[in-house]
Visitor: 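What follows is a structure written as structure tokens; I'll ask about it next.
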Amino acid sequence: MELIKATDEDFHFLRSWLADEEKAYQRRRDDDSYGDFDRGFWCNLSVIERNFERSELEVVRIGGKAVAFHFGQFLSPGITEVHPLYRGQGLGTAIVRQVLARASSLRVCRLHVSCITQRSAQFWGRFGFSARDADADDRYKILDHPIKLPLEAPQMLKVEFFGEGEWYTQGSGRRPYKTVDLPCVVVGDRILLGAMCHDATADRDSPGGDRHVRVTLDGQVIFQNWIGNDSSKAFGFSRHPLCYTTIADSFRFRGA
């Protein structure tokens, strides 16, 4: 199974089966207005078409026909759907695994999908996508990216990410929005991390206002400042170009 860029023929075919799926859904609703029926993505056709025009719509073909499609790469909600007659054959699973592999190779930190039905929520749950709260439609998956250290890691490092309000009210019990504990090795003026450090959380947005970070090595604070200023960049923090999270692979450490 391979995801390939959609052609004009692919788009017109998937448009036709989305239309047929919508008609079948409306017939079921007419027969039972209170029934809980799965609905396809005909209502999102304009979004699908825009992604097709941007060459970002991919399809899976069987017998020369586009029987599944995907866009969004899970960085934004996007859409993934399989033709009703081809469901239950592992096509959706194969698509998700392929896109997850891409995300891992690009070291993406946070993935995001938007669920419509309980069935789709269960599907995404099998791949580790979880809701922020019990009533949320959106699902998130946080990816970790281990880094092989050249030596055994004898030290532990803690990174705490704070929103502006949390930073200035720590004495009143406010806590960081994320804390990361990582093994590390100090080599000269560098701290090599045992995994990519990032501030991604299962939430739509980062905290508002200026965000701060504090780094503690073996119980001693070695850095604290605003995220995004020259000092934090020189220390090792940067912005992921795809998922816009704060990331670091290593830190520059001048010691005590």
Visitor: Has the side chain of Asp20 got a donor or acceptor atom that lies under 3.5 Å from a matching backbone atom of Trp17?
Guide: no

Visitor: Could you check Phe129, Tyr140, Trp124 and say which one makes a ring pair (Phe, Tyr, Trp, His ring centres under 6.0 Å) with His112?
Guide: Tyr140

Visitor: Can you get from Ile227 to Tyr168 by hopping between Ile, Leu, Val, Met, Phe, Trp and Tyr side chains that sit under 4.5 Å apart?
Guide: no

Visitor: Kindly check if the number of other-residue, nucleotide or ligand heavy atoms within 6.0 Å of CD (Glu53) is above 12?
Guide: yes

Visitor: For atom CZ of Arg87, is the number of surrounding heavy atoms from other residues, nucleotides or ligands below 6.0 Å larger than 12?
Guide: yes

Visitor: Can you tell me how far apart CZ (Phe237) and CG (Asn229) are? Round to the nearest 0.5 Å.
Guide: 11.0 Å

Visitor: How close do Phe71 and Glu56 get, heavy atom to heavy atom, and via which atoms?
Guide: CB-O, 3.3 Å

Visitor: Quick one: do Glu58 and Gln73 satisfy side chain to side chain contact (heavy atoms under 4.5 Å, CB included)? Show the steps, please.
Guide: CA-CA 10 Å; Glu58 296 178 294; Gln73 304 301 322; 3.4 Å; yes

Visitor: Check whether any side-chain heavy atom of Trp167 sits under 4.5 Å from a side-chain heavy atom of Glu164, and report yes or no.
Guide: no

Visitor: Between Val185 and Met156, is there a shared hydrophobic cluster once you connect ILVMFWY residues whose side-chain heavy atoms come closer than 4.5 Å?
Guide: no

Visitor: About how many Å separate CG of Leu182 and NZ of Lys158, when rounded to the nearest 0.5 Å?
Guide: 11.5 Å

Visitor: I'd like to know if Arg107 pairs up with Asp249 as an ion pair, taking the criterion as any Lys NZ or Arg NE/NH1/NH2 lying under 4.0 Å from an Asp or Glu carboxylate oxygen.
Guide: yes

Visitor: When rounded to the nearest 0.5 angstrom, what is the spacing between CG in Leu45 and CZ in Arg15?
Guide: 5.5 Å

Visitor: Tyr177 and Arg211: side-chain donor and acceptor closer than 3.5 Å?
Guide: yes

Visitor: Heavy-atom count check: over 12 atoms from other residues, nucleotides or ligands less than 6.0 Å from Trp226 CH2?
Guide: no

Visitor: Check this for me: does any side-chain nitrogen of one of Arg97 and Glu2 sit under 4.0 Å from a carboxylate oxygen of the other?
Guide: no

Visitor: Please check if atom CZ in Phe127 has more than 12 non-hydrogen atoms from other residues, nucleotides or ligands closer than 6.0 Å.
Guide: yes

Visitor: Would you say Leu106 ends up clustered with Ile147 if hydrophobic residues are merged whenever their side chains have heavy atoms under 4.5 Å apart, either directly or through other cluster members?
Guide: no

Visitor: Search all heavy atoms of Thr245 against all heavy atoms of Ala200 and return the closest pair with its distance.
Guide: CG2-CB, 3.7 Å

Visitor: Hey, mind stepping through Leu3 and Val59 against side chain to side chain contact (heavy atoms under 4.5 Å, CB included) and telling me if it holds?
Guide: CA-CA 5 Å; Leu3 276 168; Val59 299; 6.0 Å; no

Visitor: I need the minimum non-hydrogen distance between Cys109 and His240, along with the two atoms involved.
Guide: SG-CD2, 4.2 Å

Visitor: Taking side chain to side chain contact (heavy atoms under 4.5 Å, CB included) as the criterion, tell me which of Thr216, Asp181, Asp218, Leu217 meets it with Leu157.
Guide: Leu217

Visitor: Closest approach of Val215 and Phe251, non-hydrogen atoms and distance?
Guide: CG1-CE1, 4.4 Å

Visitor: With distance as the sole test, does Asn225 use its side chain to make a donor-acceptor pair with the main-chain N or O of Ser232 at under 3.5 Å?
Guide: no

Visitor: For the residue pair Thr93 and Phe123, establish whether any side-chain heavy-atom pair is separated by less than 4.5 Å.
Guide: yes

Visitor: When you look at Ile222 and Ile191, which way does the side chain to side chain contact (heavy atoms under 4.5 Å, CB included) test go after all the steps?
Guide: CA-CA 11 Å; Ile222 61 171; Ile191 301 176; 3.5 Å; yes

Visitor: Would you check if Thr246 and Arg239 make a side-chain contact, meaning some heavy-atom pair closer than 4.5 Å?
Guide: yes

Visitor: How close do Gly64 and Arg61 get, heavy atom to heavy atom, and via which atoms?
Guide: O-CD, 4.0 Å

Visitor: Taking atom CZ as the centre, does Arg190 end up with more than 12 heavy-atom neighbours from other residues, nucleotides or ligands that are less than 6.0 angstrom away?
Guide: yes

Visitor: Applying a strict under-4.5 Å side-chain criterion to I, L, V, M, F, W and Y, I'd like to know whether Leu149 and Ile247 cluster together.
Guide: no

Visitor: I need the Phe69 CZ to Leu14 CG distance, nearest 0.5 Å.
Guide: 6.0 Å

Visitor: Check whether Leu192 and Val159 end up in the same hydrophobic cluster, where Ile, Leu, Val, Met, Phe, Trp and Tyr are linked by side-chain heavy atoms less than 4.5 Å apart.
Guide: no

Visitor: Quickly, which of Arg214, Arg175, Gln170, His212 forms a side chain to side chain donor-acceptor pair (under 3.5 Å) with Glu160? Name it, please.
Guide: Arg214

Visitor: For Glu9, is the CD atom crowded, meaning more than 12 foreign heavy atoms sit under 6.0 Å from it?
Guide: no

Visitor: Using every non-hydrogen atom in the two residues, find where Glu21 and Pro84 come nearest and quote the distance to one decimal.
Guide: OE2-CG, 3.7 Å

Visitor: Evaluate the side-chain proximity of Ile48 to Ile79: yes if any heavy-atom separation is below 4.5 Å, no if none is.
Guide: yes

Visitor: Within the supplied structure, the quantity of interest is the number of heavy atoms (other residues, nucleotides, ligands) at a distance under 6.0 Å from Asp230 CG; does it exceed 12?
Guide: no

Visitor: Taking the side chain as every heavy atom from C-beta outward, state whether Phe74 and Val96 have any atom pair closer than 4.5 Å.
Guide: yes

Visitor: Do the non-hydrogen side-chain atoms of Arg139 and Ser130 ever get within less than 4.5 Å of each other?
Guide: no

Visitor: Rounded to the nearest 0.5 Å, what separates atom SG in Cys243 from atom CD1 in Ile142?
Guide: 9.0 Å

Visitor: What do the steps show when you test Val180 against Phe161 for side chain to side chain contact (heavy atoms under 4.5 Å, CB included), and what is the final call?
Guide: CA-CA 9 Å; Val180 181; Phe161 295 98; 4.2 Å; yes

Visitor: Are any side-chain N or O atoms of Lys178 and backbone N or O atoms of Phe162, one a donor and one an acceptor, separated by less than 3.5 Å?
Guide: no

Visitor: Taking Ser104 for the side chain and Leu100 for the main chain, is one N or O donor matched with an acceptor at less than 3.5 Å?
Guide: no

Visitor: With rounding to the nearest 0.5 Å, note down the distance linking CG in Leu18 to CD in Glu81.
Guide: 5.5 Å

